[in-house]
Amino acid sequence: DVEWLASRLFKRGEITLTINGITVTTVNKNTDELVRYFTKKEYVEKLLTEIKEKPAEKDIKSVRELIKELFGAALASGDEETLMRNFQSRSRDLLDELRELESWQKRTPYPGLVVVQTGKTLLNEARQIEAPLEFFRTVASRRDDFYDFLDDYEPVKAFFYGEQKDIFDKALETLAIYEHSRVYIADPRIEELANAMRVIVTKERPYSDIPKLPALRQNFNEAYSELLDQNMAPVLQAIADDRERITTILAEKPYHDQYAARFKQQFDELTKQAEGCNNITTLRSYRDQSDALKLRLLNVMDQRDRELAAKPEPVTYVQGSTGKTPPTKVAEPPAKQKKNIGIQTVTRAASWRIESAADVDHYLEQLRERLLLELDEQTIINIEF
């Protein structure tokens with residue numbers, strides 16, 4: 001009877017139980033464990049009881065209202081532990097949602113990170129409390145903090161689960177292109193549009209300004225596209241010139257048919273990549289790639305020429321008084337090796353600054369010295385401009 005009365009009082013919330021200083025509740029213990037505490041002799045001295053101090057009615061009301069606002073759930077009447085268990089259970093789902101948003105925010109500079117982290121802290125603190133009295137006091141005391149989080153979280157959630165995130169992503173992509181190319185951009189209009197987008201995406205709460213981003217991005221793309229076209233023409237011309245240079249040399253070679261299609265394909269691929277490029281920095285790099293390809297193909301042809309020259313010539317016999325004898329062959333000097341280098345390899349500079357005749361003499365002397373370093377008796381230097 002005593003065991004039944006004690007368990008009844010516990011169930012009604014009239015008494016509290018503690019074991020080894022830890023409060024026992026229906027939240028942290030299951031039914032089988034509770035039954036053992038009341039019925040087994042091993043717990044007679046370990047299980048302590050005292051009259052339970054109930055949470056204030058105003059605190060219970062605050063938590064009940066908070067559950068409705070935070071989780072959209074209107075609860076029927078229930079005891080304190082049921083309310084606490086419901087709050088903590090629903091908090092788990094919201095925490096999972098917040099963790100997912102936080103992982104996106106840490107990879108990309110999306111807005112609302114502070115709000116998400118504040119919500120995580122509030123919910124984790126509430127979930128770690130096991131004693132109902134402490135739970136209701138703590139949650140009720142932080143009621144305003146929970147409501148502030150809720151007000152701040154609504155636009156953050158709308159951002160991630162609506163169309164604003166997609167608009168924001170496109171603006172970030174556009175700004176990344178600008179940052180990668182800004183060293184080549186001297187157009188004030190493009191800089192102004194990029195700065196306007198940057199101001200919005202770096203705001204702590206950009207939500208009301210995000211609708212401005214599509215128009216800013218469209219205007220930026222139009223201006224940037226014009227600049228891209230201006231830079232594309234000389235790049236395509238440089239690729240065409242390099243292709244023509246290789247085609248002209250290859251036309252005189254005996255192995256023309258073997259290499260023509262492959263050489264053409266490599267320049268065609270460069271041209272296609274340049275025409276589809278949307279980044280000025282990347283576009284300008286195709287000019288250097290074309291120059292490097294030209295030098296490489298020149299080296300391929302030089303190597304092929306050396307291989308053909310090294311093949312032994314067929315021996316032709318001549319009729320002599322004693323029969324057929326091979327002709328006397330005069331030793332020829334070894335063929336010179338060819339070296340293909342770009343002009344910048346020799347000048348070691350992208351530009352020269354000349355203010356006087358002395359400057360001309362200085363640069364020409366440097367050029368002469370470097371050419372002589374490349375030159376020897378067995379080498380022909382081919383400089384590509």
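Ring centroids of F38 and Y43 are separated by 6.0 Å or more, keeping the two rings apart.
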What verdict does the side chain to side chain contact (heavy atoms under 4.5 Å, CB included) test give for N279 and Y184, after you've listed the backbone C-alpha separation in whole Å, the side-chain angles of each residue and the deciding distance to 0.1 Å? CA-CA 10 Å; N279 185 303; Y184 299 113; over 6 Å; no
Kindly indicate, with the supporting measurements, whether the criterion salt bridge (Lys or Arg N to Asp or Glu O under 4.0 Å) is fulfilled by R306 and D302. CA-CA 6 Å; R306 288 193 293 271; D302 289 345; 5.2 Å; no
If you apply the rule side chain to side chain contact (heavy atoms under 4.5 Å, CB included), what do you find for I246 with K264, and how did you get there? CA-CA 9 Å; I246 293 298; K264 178 180 181 299; over 6 Å; no
Could you walk me through whether Y178 and E191 pass the side chain to side chain contact (heavy atoms under 4.5 Å, CB included) test, one step at a time? CA-CA 9 Å; Y178 170 75; E191 294 178 1; 3.4 Å; yes
Set out, in order, the CA-CA distance, both residues' side-chain angles and the distance that settles salt bridge (Lys or Arg N to Asp or Glu O under 4.0 Å) for R92 and D96, then state yes or no. CA-CA 6 Å; R92 188 183 305 113; D96 290 341; over 6 Å; no
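To the nearest 0.5 Å, the span separating CZ on R142 from CG on D148 amounts to 10.5 Å. The CG atom of N28 lies 3.5 Å from the OG1 atom of T25; values are rounded to the nearest 0.5 Å. Atom NZ of K54 and atom OG1 of T16 lie 12.5 Å apart (nearest 0.5 Å). Distance check: L283 CG to N278 CG gives 10.0 Å after rounding to the nearest 0.5 Å. Separation of atoms CD (Q273) and CD1 (I239) is listed at 8.5 Å; rounding is to 0.5 Å. Taking CG of L122 as the reference point, atom OG1 of T138 lies at 11.5 Å (rounded to 0.5 Å).
Looking only at distances, no side-chain donor or acceptor of E134 sits under 3.5 Å from a matching main-chain atom of I129. Judged purely by atom type and a 3.5 angstrom limit, Y153 has no side-chain atom pairing as donor or acceptor with the backbone of L98. Of the possible polar contacts, one joining the N299 side chain to the L295 backbone as a donor-acceptor pair under 3.5 Å is found. Panel note: side chain T39, backbone V35; a donor-acceptor pair is recorded below 3.5 Å. Using a distance-only test at 3.5 Å, with no hydrogens or angles considered, a donor-acceptor pair links the side chain of E33 to the main chain of N30. A distance-only check finds a donor-acceptor pair linking the side chain of S181 to the backbone of I177 [under 3.5 Å]. Side-chain N or O atoms of T108 include none that pairs as donor or acceptor with a backbone N or O of Q105 at under 3.5 Å.
The shortest side-chain heavy-atom distance between M197 and L213 falls under the 4.5 Å cut-off. V156 has its side chain out of reach of Y110: every pair of non-hydrogen atoms, C-beta onward, lies at least 4.5 Å apart. Annotation: side chain of M232 is not in contact with side chain of Y286 (no heavy-atom distance under 4.5 Å). Using a 4.5 Å cut-off on side-chain heavy atoms (C-beta onward), F10 and L34 make contact. In this structure the side chain of F168 reaches within 4.5 angstrom of the side chain of P111, judged on heavy atoms. The side-chain heavy atoms of L66 and V139, taken from C-beta on, include a pair separated by under 4.5 Å. You'll find the side chain of I280 reaches within 4.5 Å of the side chain of Y224, heavy atoms only. Residues E69 and R143 are not in side-chain contact: their nearest non-hydrogen atoms beyond the backbone lie 4.5 Å or more apart.
When all heavy atoms of T202 and V199 are compared, the closest pair comes out as OG1-O, 3.3 Å. Considering every non-hydrogen atom in both A6 and I15, the closest pair reads O-CD1, 3.4 Å. Smallest separation of non-hydrogen atoms from P211 and P214: O-CD, 3.3 Å. Residue S290 comes nearest to A238 through the heavy atom pair OG-O, 4.0 Å, listed as atom of the first residue, atom of the second, then distance.
A donor-acceptor contact closer than 3.5 angstrom links the side chains of T174 and R217. Residues S285 and D288 have side chains that never bring a donor and an acceptor to within less than 3.5 angstrom of each other. A donor-acceptor pair shorter than 3.5 Å cannot be found between the side chains of Q265 and R262. For R198 and N195, the side-chain atoms include at least one donor-acceptor pair closer than 3.5 Å. For the residue pair Y255 and D305, a side-chain donor N or O sits within less than 3.5 Å of a side-chain acceptor on the partner. No side-chain N or O of Q237 forms a donor-acceptor pair with one of R287 less than 3.5 Å apart.
Transitive grouping of hydrophobic side chains (ILVMFWY, heavy atoms separated by less than 4.5 Å) brings V201 and F160 into a common cluster. Each of V114 and I200 belongs to its own hydrophobic cluster when Ile, Leu, Val, Met, Phe, Trp and Tyr are linked at side-chain heavy-atom distances under 4.5 angstrom. Grouping the Ile, Leu, Val, Met, Phe, Trp and Tyr side chains by contacts below 4.5 angstrom, directly or via other members, places I22 apart from L133. Following chains of ILVMFWY side-chain contacts shorter than 4.5 Å, one cannot reach L113 starting from L95, and the two form parts of different hydrophobic clusters. Using a 4.5 Å cut-off between side-chain heavy atoms of Ile, Leu, Val, Met, Phe, Trp and Tyr, with links allowed through other members, F136 and L17 fall into different hydrophobic clusters.
By the 6.0 Å contact criterion, CD on E45 is open, its count of non-hydrogen atoms from other residues, nucleotides or ligands being 12 or less. Annotation: E307, atom CD; neighbour count of heavy atoms from other residues, nucleotides and ligands within 6.0 Å is above 12. Atom CD of E65 sits in a crowded spot, with more than 12 heavy atoms from other residues, nucleotides or ligands closer than 6.0 Å. Counting non-hydrogen atoms of other residues, nucleotides and ligands closer than 6.0 Å to CZ of R205 gives a total of 12 or fewer.
Shown are E80, E130, Q88; of these, the side chain to side chain contact (heavy atoms under 4.5 Å, CB included) with F135 is made only by Q88.
Classification of K294 and D241 as a salt-bridged pair fails, no side-chain N sitting under 4.0 Å from a carboxylate O. A salt bridge between R182 and E179 is present, with a side-chain N of the basic residue lying under 4.0 Å from a carboxylate O of the acidic one. Between E192 and R189 there is no salt bridge, since none of the side-chain N atoms of the basic residue sits less than 4.0 Å from a carboxylate O of the acidic one. A salt bridge is defined here as a Lys NZ or Arg NE, NH1 or NH2 lying under 4.0 Å from an Asp or Glu carboxylate O, and D209 with K203 meets this definition. Of the charged side-chain nitrogens involved, none lies within less than 4.0 Å of a carboxylate oxygen, so that D242 and R245 do not count as a salt-bridged pair. With respect to the salt-bridge test (charged N to carboxylate O, under 4.0 angstrom), the residues E102 and K120 qualify. One finds no salt bridge joining K272 and D268 here, because no Lys/Arg side-chain nitrogen approaches an Asp/Glu carboxylate oxygen to under 4.0 Å.
Using bins of under 30°, 30° to 60° and over 60° for the plane-to-plane angle, the ring pair F87/F71 lands in the perpendicular bin.
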